[in-house]
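Encoded as structure tokens, the structure appears first; notes follow it.
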Number of protein chains: 2
Amino acid sequence: MTRLDRTPERQLLVRRLASATILDEAEREALISLPMLVRDFADGQDLVRGGDRPQHCCVLLSGFACRYLLLADGRRQIAAFHPPGDIPDLQSLHLQVMDHSVGAMMPTVAGFIQHEHVHRITSQHPRLIHAFWRETLIDAAIFRAWMVGLGRRTAHERIAHLICEMLLRFDAVGLAENRTFRLPVTQNDIADALGLSNVHVNRVLQDLRRDELISWQRPDVAILDWDRLRDLAMFDPAYLHMRSLPGAGAAEPGEEH
Amino acid sequence: MTRLDRTPERQLLVRRLASATILDEAEREALISLPMLVRDFADGQDLVRGGDRPQHCCVLLSGFACRYLLLADGRRQIAAFHPPGDIPDLQSLHLQVMDHSVGAMMPTVAGFIQHEHVHRITSQHPRLIHAFWRETLIDAAIFRAWMVGLGRRTAHERIAHLICEMLLRFDAVGLAENRTFRLPVTQNDIADALGLSNVHVNRVLQDLRRDELISWQRPDVAILDWDRLRDLAMFDPAYLHMRSLPGAGAAEPGEEH
DNA sequence: CGTTCCATTGAGACCCATCAATCTGTGTGG
DNA sequence: CCACACAGATTGATGGGTCTCAATGGAACG
């Protein structure tokens with residue numbers, strides 16, 4: 001648990017923040033050096049629980065996590081998926097009580113950073129406070145985009161849209177290649193994210209595969225026809241507020257959007 | 001447009017922020033004195049448009065607004081309702097391009113504050129940056145709560161939940177009394193907020209009235225049986241992250257939650 | 001090789017959408 | 001003060017997208 005171990009994984013955090021905000025060398029260095037306690041989580045284990053009053057934020061170093069809410073009778077809504085590099089509970093900096101849980105969807109490594117260390121780094125590097133704030137705002141923008149899906153898109157459009165979004169987000173941290181990425185979620189998880197039943201997700205996925213829009217051999221998702229998938233989803237990446245549009249892992253450079 | 005006009009309306013902003021964050025006298029004074037350009041909007045008019053790159057934030061001084069997203073074919077999703085006192089586009093501080101629009105749902109007065117003035121006040125009163133950040137985080141928490149509704153609640157539960165939430169939010173700025181408040185929205189708007197059709201909203205509202213849970217004579221909503229409505233909605237106000245639980249306008253003091 | 005998790009398939013039902021009238025209240029102009 | 005327009009609420013009929021229940025299949029794992 002020394003401060004500088006896991007440097008490669010820590011770079012994902014920098015890469016992630018830099019995809020949304022310009023960072024100078026001192027800021028990158030400060031981020032890399034953040035003291036963090038590294039912990040492993042098994043598939044299905046919670047990193048943070050609703051009702052908790054965390055004193056730290058967690059950075060995903062590897063693996064995959066989601067944020068979810070439960071109703072009393074067990075109905076579950078997944079509110080967000082988080083590839084490595086994300087800080088799923090950054091909000092706990094200013095909201096004392098967690099109103100949802102963060103769960104690992106595969107074996108996952110997370111770094112826990114005391115809130116006081118975040119406050120220290122933002123007072124030493126004032127622009128970082130805006131970078132972190134901005135992260136939470138992008139978070140909210142993605143919630144809004146998901147709300148449109150939940151409220152107004154058909155099942156086919158929802159699933160297509162989710163796949164488009166995940167490609168860009170994996171690509172932003174260098175975890176997509178050839179429009180292919182590892183999405184370690186079950187059809188049941190997709191259902192809980194998109195407000196559908198697992199049975200219906202299964203049937204829609206079959207449609208998308210039959211139409212050769214995607215292939216999905218767990219956990220590898222490949223987008224076979226980006227243009228048609230994007231059109232079906234009516235996908236407009238503006239809500240992700242990325243500084244630059246996707247590189248080789250997503251769309252070819254120079255492609256129209 | 002002098003700086004100190006509309007003081008009563010400006011107090012709503014302070015009241016709103018203070019419902020979530022403790023403010024001292026200097027901070028309140030600084031908020032009240034924020035230079036703002038006051039503008040009137042007609043019912044249906046947009047305060048901010050998706051695609052805009054605003055240089056200011058807007059405070060609702062009176063009226064009612066919503067944030068909405070449109071799909072290419074006209075489908076609309078309302079992502080948030082905003083009673084007076086709210087700053088619906090606070091995110092524009094750090095996200096350059098609006099990914100949605102803000103529209104007035106009745107004749108509305110809004111105060112526009114240049115971003116630079118917000119930055120100035122937060123550097124003079126550093127705790128205010130946390131208050132504003134916190135506002136955007138609560139915003140996101142409400143999005144998550146709506147996502148649960150859109151994805152996993154029945155139509156009856158969604159509508160009941162929305163009414164519970166609006167009562168508490170109106171009450172927080174002193175605009176509810178006797179569990180009654182003015183909600184100037186059409187059934188069509190409710191439908192677009194909750195992912196339903198206007199016809200179905202109409203039928204569900206009839207059920208809720210028949211069961212004497214609420215009365216709704218536009219624009220006045222009265223909650224007739226808080227306990228049953230809360231139970232139907234499975235409403236837990238934790239996600240609103242209010243400092244104190246509702247006063248006389250909402251639940252009686254001392255009532256269990 | 002039983003267990004377990006997950007994907008798949010079929011049948012039937014239902015919630016809710018869609019379409020299309022009709023009704024009601026409000027405001028407007030003559 | 002009436003005729004008219006208009007927005008929004010209401011009602012009925014019909015259909016479809018999606019859910020639920022239930023069973024089967026396949027792959028990984030100890």
Side-chain angles (χ1 to χ4, degrees), chain A residues 42-45 64 66 71 73-78 103-107 148-162 182-210 214-221 232, chain B residues 42-45 64 66 71 73-78 103-107 149-160 162 182-210 214-221 232:
Chain A
D43 183 7
Q45 201 178 350
F64 196 73
C66 74
L71 293 180
D73 57 10
R75 280 174 284 177
R76 177 177 70 148
Q77 176 66 42
I78 291 179
M105 313 196 78
M106 63 179 290
V148 179
L150 289 165
R152 286 295 179 234
R153 281 190 224 266
T154 67
H156 286 74
E157 293 164 353
R158 287 182 217 190
I159 293 183
H161 196 273
L162 176 65
R182 298 191 99 91
L183 189 65
V185 302
T186 66
Q187 295 182 355
N188 214 350
D189 297 327
I190 302 278
D192 283 344
L194 301 183
L196 301 167
S197 71
N198 54 355
V199 174
H200 200 58
V201 167
N202 180 277
R203 291 182 169 131
V204 173
L205 282 176
Q206 290 180 51
D207 288 345
L208 297 182
R209 284 188 296 237
R210 185 179 322 113
I214 63 166
S215 84
W216 189 327
Q217 299 157 29
R218 275 232 296 160
D220 292 309
V221 178
L232 167 60
Chain B
D43 184 7
Q45 202 178 350
F64 196 73
C66 74
L71 293 179
D73 57 9
R75 281 175 282 177
R76 178 177 69 149
Q77 176 67 41
I78 292 179
M105 313 197 77
M106 64 178 291
L150 289 165
R152 286 295 178 235
R153 282 190 225 266
T154 67
H156 286 76
E157 293 164 354
R158 288 182 217 190
I159 293 183
L162 176 65
R182 299 190 98 92
L183 188 66
V185 301
T186 67
Q187 295 181 354
N188 216 347
D189 297 327
I190 303 278
D192 283 344
L194 301 182
L196 302 166
S197 72
N198 54 356
V199 174
H200 199 58
V201 166
N202 180 278
R203 292 183 168 130
V204 172
L205 282 176
Q206 290 180 51
D207 289 344
L208 298 182
R209 284 189 296 237
R210 184 178 322 114
I214 63 165
S215 85
W216 190 328
Q217 299 156 30
R218 275 231 299 157
D220 292 309
V221 178
L232 167 60

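Just so it is clear: chains get the letters A, B, ... in the order the sequence lines come, proteins before strands, and each one is counted from 1. Quantities reported herein were computed from a predicted structural model and do not represent experimental measurements.
As a whole-Å value, the separation of A/Gln217 CD from D/dG26 P is 17 Å. Rounded to whole angstrom, the span from the CG atom of B/Asn188 across to the C1' atom of D/dC6 amounts to 15 Å. Here the C1' atom of nucleotide C/dT9 and the CG atom of A/Asn198 are 12 Å apart, to the nearest Å. Spacing between atom CE of A/Met106 and atom C1' of C/dC6 amounts to 17 Å, rounded to whole angstrom units. If you take CZ of B/Arg203 and P of C/dC16, they are 12 Å apart, rounded to a whole angstrom. A straight line from NE2 of B/His200 to P of C/dC19 spans 17 Å, rounded to a whole angstrom. Rounded to whole Å, atom P of D/dT10 lies 12 Å from atom CG of B/Asp207. As rounded to whole Å, 12 Å separates atom P of C/dT9 from atom CG of A/Leu205.
Formation of a donor-acceptor pair under 3.5 Å by the A/Arg182 side chain with backbone atoms of A/Pro219 is not found in this model. Of the possible donor and acceptor atoms, one in the side chain of A/Gln77 sits under 3.5 Å from a partner among the backbone N and O of A/Asp192. Looking at B/Arg153, its side chain never comes within 3.5 Å of a backbone N or O of B/Arg158 through a donor-acceptor pair. Side-chain atoms of B/Arg203 never come within 3.5 Å of backbone atoms of B/Asn198 as a donor-acceptor pair (strictly under, hydrogens ignored).
Closest to the side chain of B/Leu196, from the set C/dC6, C/dG10, C/dA17, is C/dA17. Listed nucleotides: C/dC16, C/dT18, C/dT9. Nearest to the side chain of A/Val199: C/dT9. Counting only heavy atoms from C-beta on, A/Arg209 has its side chain closest to C/dT8 among C/dT8, D/dC19, D/dT11.
Taking only side-chain nitrogens and oxygens, B/Arg218 comes nearer than 4.0 Å to OP1 or OP2 of D/dA9. For D/dT10, one of the phosphate oxygens OP1 or OP2 lies less than 4.0 angstrom from a side-chain nitrogen or oxygen of B/Asn202. A sub-4.0 Å separation between OP1 or OP2 of C/dT9 and a side-chain N or O of A/Gln206 is present. Residue B/Gln187 places none of its side-chain N or O atoms closer than 4.0 Å to OP1 or OP2 of D/dA7.
Residue contacts shown for B/Ser197 include a base, since a base heavy atom lies under 4.0 Å away. Among the atoms of the strands shown, only primed sugar atoms or phosphate atoms (P, OP1, OP2) are found under 4.0 Å from some heavy atom of A/Gly195.
Residues A/Ile159 and A/His200 fail the side-chain proximity criterion, which asks for heavy atoms closer than 4.5 Å.
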